[in-house]
Amino acid sequence: MIATSRVSVSSLVLTARKLSTSIAVNNVASVLKLNIKDEPTAVKFDGLMKSMTEKMKGSPGMISATRHVCKSEWAYELSFVWDSKENFGAWKESPLREEVHEDYLKALEEVGIKEEEVYGGARV
C-alpha cells in the first residue's frame, strides 16, 4: 500500500509539472550535446554543422543557432532556436527536418560518433 501511495504522489507531481503555466514559452530551442575527439575533429564537425545550419535557416521561425565548445573536455553543444512552439512543432514534422537529419547522421559518421552518444532535447 505504501508503494501505491508513492506512485500516486509521484504521478500527481509529474502531472503538476506538465500543467505548469508559470514558465513562459517565448522561444523553443533544440539542443544537442556530445563529445568530440580532438581539435581537428571539432574543426571538421564545425564545417559540417555550419552547412547543416544554413539549410535550417529555411525553416519558418528559426531565429538563431549557437555552438559552444569546451576545449579541455571537448564537449560540443549546439542550440537551434525557433520563435514559437508552433514553428518548432512544424519544423519537427517538415521534410526539411528529414533532409537536415540525414546530413546530421552523415556528419556524425564522418567524425566517428554514434547517434546514441549524443544527447538531444528541447528547451523553452
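Residue numbers run from 1 in the order of the sequence given.
- Residues Y76 and K33 fail the side-chain proximity criterion, which asks for heavy atoms closer than 4.5 Å.
- Between E115 and L108, the shortest heavy-atom distance links the atoms CA-CD1, 3.9 Å.
- If you take OG on S51 and CG on D46, they are separated by 12.5 Å, rounding to the nearest 0.5 Å.
- Looking only at side-chain heavy atoms (C-beta outward), L48 and K50 stay at 4.5 Å or farther from each other.
- For the pair I113 and N35, the tightest heavy-atom approach, listed with the atom from each and the gap, is CD1-O, 3.6 Å.
- Within a 6.0 Å radius of CD in E109, other residues, nucleotides and ligands contribute 12 heavy atoms or fewer.
- Taken from CD in E98 to NZ in K92, the straight-line distance is 12.0 Å, to the nearest 0.5 Å.
- With contacts defined as side-chain heavy-atom distances shorter than 4.5 Å, the pair D103/K55 qualifies.
- Taking CG of L34 as the start and CG of L78 as the end, the distance is 7.0 Å to the nearest 0.5 Å.
- Among all heavy-atom pairs drawn from I36 and F45, the shortest one is CD1-CD2, 3.9 Å.
- Between the CE atom of M52 and the NE2 atom of H101 there is a distance of 10.0 Å, given to the nearest 0.5 Å.
- S59 places no side-chain N or O within donor-acceptor distance of the main-chain N or O of M62, the cut-off being under 3.5 Å.
- Within a 6.0 Å sphere centred on CD of E117, other residues, nucleotides and ligands contribute more than 12 heavy atoms.
- To the nearest 0.5 Å, the span separating OH on Y119 from CD on E77 amounts to 10.5 Å.
- Between G61 and N87, the closest heavy-atom pair is CA-ND2, 3.5 Å.
- The two atoms that bring W74 and K37 nearest to each other are CD1-O, 3.9 Å, heavy atoms only.
- At a threshold of 4.5 Å between side-chain heavy atoms, the hydrophobic network of Ile, Leu, Val, Met, Phe, Trp and Tyr places L96 and F88 in one connected group.
- At least one side-chain heavy atom of I63 sits less than 4.5 Å from a side-chain heavy atom of N27.
- With a 4.5 Å cut-off on side-chain heavy atoms, Y104 and L32 count as touching.
- Of all the heavy atoms in W82 and S30, the pair that sits closest is CZ3-CB, 4.1 Å.
- The line from OG of S79 to NE2 of H68 is 7.0 Å long, rounded to the nearest 0.5 Å.
- Under a hydrophobic clustering in which Ile, Leu, Val, Met, Phe, Trp and Tyr are joined whenever their side-chain heavy atoms come within less than 4.5 Å, directly or via other members, V100 and V81 fall into different clusters.
- A distance-only check finds a donor-acceptor pair linking the side chain of T53 to the backbone of M49 [under 3.5 Å].
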